[in-house]
Number of protein chains: 2
Amino acid sequence: MNVRLMQTNEKIAAVFAATLKLIHTNGFHGTPMSKIAQESDVAIGTIYHYFPSKDDLIFALFKHCRSILNDYIFDGIKEDFDYKASFFHVWRNFVQFYLENGRIFSFFEQFFSSPYYEKNKAEIQEPVGGQNKVLDFLQEGIDKKILKQVNVHLLVASYIGVALSTVHSIKFKDLHFSEQNIKELMEIIWDGAVNRNKNN
Amino acid sequence: MNVRLMQTNEKIAAVFAATLKLIHTNGFHGTPMSKIAQESDVAIGTIYHYFPSKDDLIFALFKHCRSILNDYIFDGIKEDFDYKASFFHVWRNFVQFYLENGRIFSFFEQFFSSPYYEKNKAEIQEPVGGQNKVLDFLQEGIDKKILKQVNVHLLVASYIGVALSTVHSIKFKDLHFSEQNIKELMEIIWDGAVNRNKNN
DNA sequence: CTGCATCAATCGAACGTTCATTCGGTTGCA
DNA sequence: TGCAACCGAATGAACGTTCGATTGATGCAG
């Protein structure tokens, strides 16, 4: 099962799309292989031709979605962006990606909170949604004395935590998406992360 | 099924404990009624005597855990605490509760990310873990001009988001729990939330 | 070019297991 | 006597997975 195949093979694409859709609406339970076959118009036997088991399918889908996310969040950063502008840009992309891809958000939420994630943690290497690149990016801000001089994981937890929690609130209608709200949230996370001794 | 009964009836307590344990280790899947019966030493028939269905059991367990959380996080606030001290105290309790009750954290994570939550959202009223009291508390800070003059839900998302993300990081070993880390995290969230025009 | 062999891709009925739930019965208190 | 608490074998549905069969493309020997 190579990566290129996943992207070009239309049967697999259909299986991924169907699985994402079903998990979003019916949950990890409530998504039997039989329904995936039905929804995707791919025979059960064919699905098992590509994926040895349901777990393998879920895991492959996870890796697929993660790579889409990774491509997305660091996209569109211009040469002339200063650190603060990039800080906002990435955070915004992160929120936007999940809002535009509600099924992936839902799938990730379920995937990461299942013991399934804990079991395969070693193999997953890179933690939640592109956090390694995020980690490097925040470390850069620490090194440049722009961000607080703390353990980078504290900043990652804050940066990602507020983003995920925001998407969750929007999804469940506590919050509505507006430019004003996003702007104020970015201010909150920036004020929290920034080094107040050597302020910019 | 009344609340008092849940707390005093030892069969139900055993069922709750067993369910929490099994869901923590085996997930929402992998936790059949038969195993709950076995682990709790309560016959299947008896479980169905108290809970009409598995869903009802899960839902009752959720309400039970939520009330424990609510009791916990606002506990220990002293009369002489100023707003900032209470802000730290509640946040710390929140993190501490989940660290001390890993099974409940795990259960909540799975519960809230399942479509099961979405289905019963209306009936759940109060959102994630005691957030209504948290919401009132943060609104108080806004009214007193101590916190940023923004939609209170933005602050709730930040306050809770950072806490949950922190617990998650500690649980999955990106971060270790230390006084220094907690202190710095509280600084991050405080600096983010505080009103910088009328600073304290 | 033809005929044959190979093999990946595809299919879905069938299998055995596991699950949520039922139900007929027992116990013991009021 | 009645009724709530309690029990667990039995039931039927639903699930993940298997497997034997079919198709069509590719390569190669004659």
Side-chain angles (χ1 to χ4, degrees), chain A residues 1-62 107 110-111 114-116 119-120, chain B residues 1-62 107 110-111 114-116 119-120:
Chain A
M1 195 57 267
N2 74 52
V3 175
R4 189 154 308 279
L5 194 55
M6 285 190 214
Q7 285 160 353
T8 51
N9 187 313
E10 65 192 25
K11 296 267 171 196
I12 291 175
V15 168
F16 278 171
T19 307
L20 225 36
K21 178 176 175 182
L22 289 168
I23 287 182
H24 177 239
T25 48
N26 301 91
F28 221 76
H29 329 64
T31 301
M33 293 298 265
S34 57
K35 277 193 192 143
I36 293 174
Q38 196 174 35
E39 175 77 29
S40 63
D41 266 317
V42 175
I44 282 205
T46 306
I47 299 178
Y48 276 92
H49 176 71
Y50 289 106
F51 308 102
S53 71
K54 189 181 178 183
D55 278 2
D56 285 273
L57 165 60
I58 298 296
F59 197 59
L61 177 57
F62 165 71
F107 172 63
Q110 292 183 56
F111 182 84
S114 74
Y116 182 77
K119 298 283 195 285
N120 295 71
Chain B
M1 192 61 267
N2 73 53
V3 174
R4 189 152 308 281
L5 193 54
M6 286 190 212
Q7 285 160 353
T8 53
N9 185 314
E10 65 191 26
K11 296 267 171 196
I12 291 176
V15 168
F16 278 171
T19 306
L20 224 37
K21 178 176 175 182
L22 289 167
I23 287 183
H24 176 239
T25 48
N26 301 92
F28 221 73
H29 328 66
T31 302
M33 293 299 265
S34 57
K35 277 193 192 141
I36 293 174
Q38 195 174 36
E39 175 76 29
S40 64
D41 266 316
V42 175
I44 282 206
T46 306
I47 300 177
Y48 275 91
H49 176 71
Y50 289 107
F51 307 103
S53 72
K54 190 181 178 183
D55 277 2
D56 284 273
L57 164 60
I58 299 296
F59 197 58
L61 176 58
F62 165 71
F107 172 62
Q110 292 184 56
F111 182 83
S114 72
Y116 183 77
K119 298 284 194 288
N120 295 72

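The structure displayed is predicted, hence computed values, not measured ones. The chains referred to below are lettered A, B, ... by the order of the sequence lines, with proteins before strands, and numbering in each begins at 1.
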Polar atom pairs between nucleotides 9-11 of chain D and protein, under 3.5 Å, N or O only, would you list them?
none

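Partners of A:T25 by side chain to side chain donor-acceptor pair (under 3.5 Å), not counting sequence neighbours: none found. For B:D55, the side chain to side chain donor-acceptor pair (under 3.5 Å) criterion is met by no residue, not counting sequence neighbours. Partners of B:Y116 by ring pair (Phe, Tyr, Trp, His ring centres under 6.0 Å), not counting sequence neighbours, listed by chain and number: B:F111.
For the residue pair B:D56 and B:Y50, no side-chain donor N or O sits within less than 3.5 Å of a side-chain acceptor on the partner.
Regarding A:I12, its CD1 atom lies at a distance of 15 Å from the P atom of C:dA8, rounded to whole Å. Rounded to whole Å, the distance from OH on B:Y48 to P on C:dA20 is 6 Å. If you take NE2 of A:H49 and P of C:dG12, they are 16 Å apart, rounded to a whole angstrom. Distance, A:F51 CZ to C:dT10 C1': 15 Å, rounded to whole Å. Rounding to whole angstrom units, NZ of residue A:K11 and C1' of C:dA8 are separated by 14 Å. Put simply, CD1 on B:I47 is 11 Å from C1' on C:dA20, counting in whole angstrom units.
With distances taken from any side-chain atom of B:K54 to the nucleotides C:dC11, C:dA20, D:dA5, the minimum falls on C:dA20. Listed nucleotides: C:dG12, D:dA5, D:dT17. Nearest to the side chain of A:S53: D:dT17.
Residue B:T46 places none of its side-chain N or O atoms closer than 4.0 Å to OP1 or OP2 of D:dA5.
With rounding to the nearest 0.5 angstrom, the CD1 atom of A:I12 is 10.5 Å from the CD1 atom of A:I47.
Put simply, the side chain of B:M33 reaches to within 4.5 Å of the side chain of B:L57, judged on heavy atoms. Counting only heavy atoms from C-beta outward, the side chains of A:I23 and A:I58 approach each other to under 4.5 Å.
Pairs engaging residues 26-35 of chain A under the side-chain hydrogen bond (donor to acceptor under 3.5 Å, both in side chains) rule: none recorded [sequence neighbours left out]. Residue pairs meeting the salt bridge (charged side-chain N to carboxylate O under 4.0 Å, His left out) criterion with at least one member in residues 12-26 of chain A, sequence neighbours excluded, are A:K21-A:E39.
For the segment residues 22-41 of chain A, the set of residues with a heavy atom within less than 4.0 Å of an atom of DNA chain C is empty.
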